[in-house]
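Below: one structure, written as structure tokens.
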Amino acid sequence: MPGPGSKLIGRKIVHLPEVDSTNEYAKLIALNEPEGTVVVADRQTAGKGRKGRTWASPEGGLWMSVILKPEAEPKHLPKLVFIGALAVVDTLWKFGIEAGIKWPNDVWINGRKICGVLTEGRIGEFVILGIGLNVNNEIPEELKGMATSMKAVLGRRAELDEVLRVLIERLDGWYTVFLEGRYGEIISAVRERSLVLGREVKVIEEGIELVGKAVDIDDDGALILETSGGRVRVLYGDVSLRFV
Ligand code: BT5
């Protein structure tokens, strides 16, 4: 366990010019690498989102995965996705971009997605925390209406190494909070930085659609929706959420 101020995330950084997916690569090496190892690639040829969706990963963006080996109870592990989103929001704020979290795993700014987080793992062995952040990369034509980058928001390039450095620092900070079991602080921060609370949203899970007002994120990180049929608790996982 790291002491105060000690650095766990990024003690080792594996930098690849190209890889299929940093999450896949991290999974392959996870058992042989120390906790906190970061895999970062200039581009991914098969970057992935949840449920087999594609993640566009051309050069100029930040495509990375962190190998974590937390000893927390399995029920807390889904909260690691929030660690990623919170660290990205902090990083963007440091660069002057006031982004927020679109529950459960996206970071958005000005109505567009700038980052997605994907956690995968094997219980008792490791969790891979994958983060894709559009920095200086071009946004593919088909995503232009719904995605943006730091460069597009700032009107100039951001230094990729500096973005990585700040992000690692913030991940380290939030992961320490997680390891110390201060889950309430994580959820409070997610609530504060949430873009969905108070808004009408549509949640889609396994083909079922629910429309309602997002009224809270509970202590487990579930979204509380007020629907015409009463309050519904939506657990994160493979849920898609749209603003209506
Ligand atoms: C996510 O999935 O948002 C998680 C993305 C995680 C990507 C990182 S990159 C490093 C690591 N290695 C990997 O292979 N993956 C992780 P999801 O919520 O399913 O959203 C996917 C959707 O986002 C796609 O269907 C597109 O609509 C959209 N999308 C794809 N590429 C994008 C991009 N570069 N920027 C913004 N939106 C994108």
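Whatever order the structure lists them in is the order used to number ligands and atoms, beginning at 1.
Residues Phe95 and Trp93 share a single hydrophobic cluster, defined by chaining ILVMFWY side chains whose heavy atoms lie under 4.5 Å apart.
In this structure, Ile114 has no heavy atom closer than 4.0 Å to ligand 1.
By the criterion of a heavy-atom distance under 4.0 Å, the backbone of Met64, and not its side chain, is placed next to ligand 1. Of all the heavy atoms of Asn105, the ones lying under 4.0 Å from any atom of ligand 1 belong exclusively to the side chain. When heavy-atom distances to ligand 1 are checked against a 4.0 Å cut-off, Leu143 comes that close only through its side chain, counted from C-beta outward. Only the side chain of Asn134 comes within 4.0 Å of ligand 1, counting heavy atoms alone; its backbone N, CA, C and O stay farther away.
Remark: side-chain polar atoms of Arg231 are not paired, donor with acceptor, to backbone N or O of Ile224 under 3.5 angstrom. Although no hydrogens or angles enter the test, the distance criterion places no donor-acceptor pair under 3.5 Å between the side chain of Thr37 and the main chain of Glu33. Asp172 places no side-chain N or O within donor-acceptor distance of the main-chain N or O of Arg170, the cut-off being under 3.5 Å. Between the side chain of Arg11 and the main chain of Glu35, a donor-acceptor pair closer than 3.5 Å is present. A distance-only check finds a donor-acceptor pair linking the side chain of Ser65 to the backbone of Asn23 [under 3.5 Å].
Looking only at heavy atoms of the protein, atom 5 (C) of ligand 1 is closest to Trp55 CE3, 3.5 Å. Annotation: atom 24 (C) of ligand 1 to nearest protein heavy atom, Thr54 O, 3.6 Å. Here the protein heavy atom with the shortest distance to atom 8 (C) of ligand 1 is Gly132 N, 3.6 Å. With respect to atom 31 (N) of ligand 1, the closest heavy atom belonging to the protein is Ala56 N, 2.9 Å. Summary of contacts: the protein heavy atom closest to atom 9 (S) of ligand 1 is Gln44 NE2, 3.4 Å.
Residue pairs meeting the ring pair (Phe, Tyr, Trp, His ring centres under 6.0 Å) criterion with at least one member in residues 123-156, sequence neighbours excluded, do not occur. Evaluation of the ring pair (Phe, Tyr, Trp, His ring centres under 6.0 Å) test over residues 181-234, restricted to residues two or more places apart or in two chains, returns His76-Tyr183, Phe178-Tyr183.
Annotation: side chain of Val215 is not in contact with side chain of Leu197 (no heavy-atom distance under 4.5 Å).
The atoms of ligand 1 that sit less than 4.0 Å from any heavy atom of Gly47 are 14 (O). Counting the atoms of ligand 1 from 1 in the order shown, those under 4.0 Å from a heavy atom of Lys48 are 5 (C), 6 (C), 7 (C), 13 (C), 14 (O), 15 (N), 16 (C). With ligand atoms numbered from 1 in the order given, ligand 1 contributes 12 (N), 13 (C), 14 (O) to contacts under 4.0 Å with heavy atoms of Ser21. Taking every non-hydrogen atom of Thr22 and a distance limit under 4.0 Å, the qualifying atoms of ligand 1 come out as 10 (C), 11 (C), 12 (N). Of all atoms in ligand 1, listed by their number and element, those nearer than 4.0 Å to a heavy atom of Val117 are 4 (C).
Side-chain polar atoms of Trp63 and Asp42 form no donor-acceptor pair below 3.5 angstrom. Side chains of Gln44 and Tyr25: no donor on one and acceptor on the other come within 3.5 Å.
The option from Glu138, Arg53, Lys113 that lies nearest to atom 23 (O) of ligand 1, judged by heavy atoms, is Lys113.
The shortest N or O to N or O distance between Met146 and ligand 1 is not below 3.5 Å.
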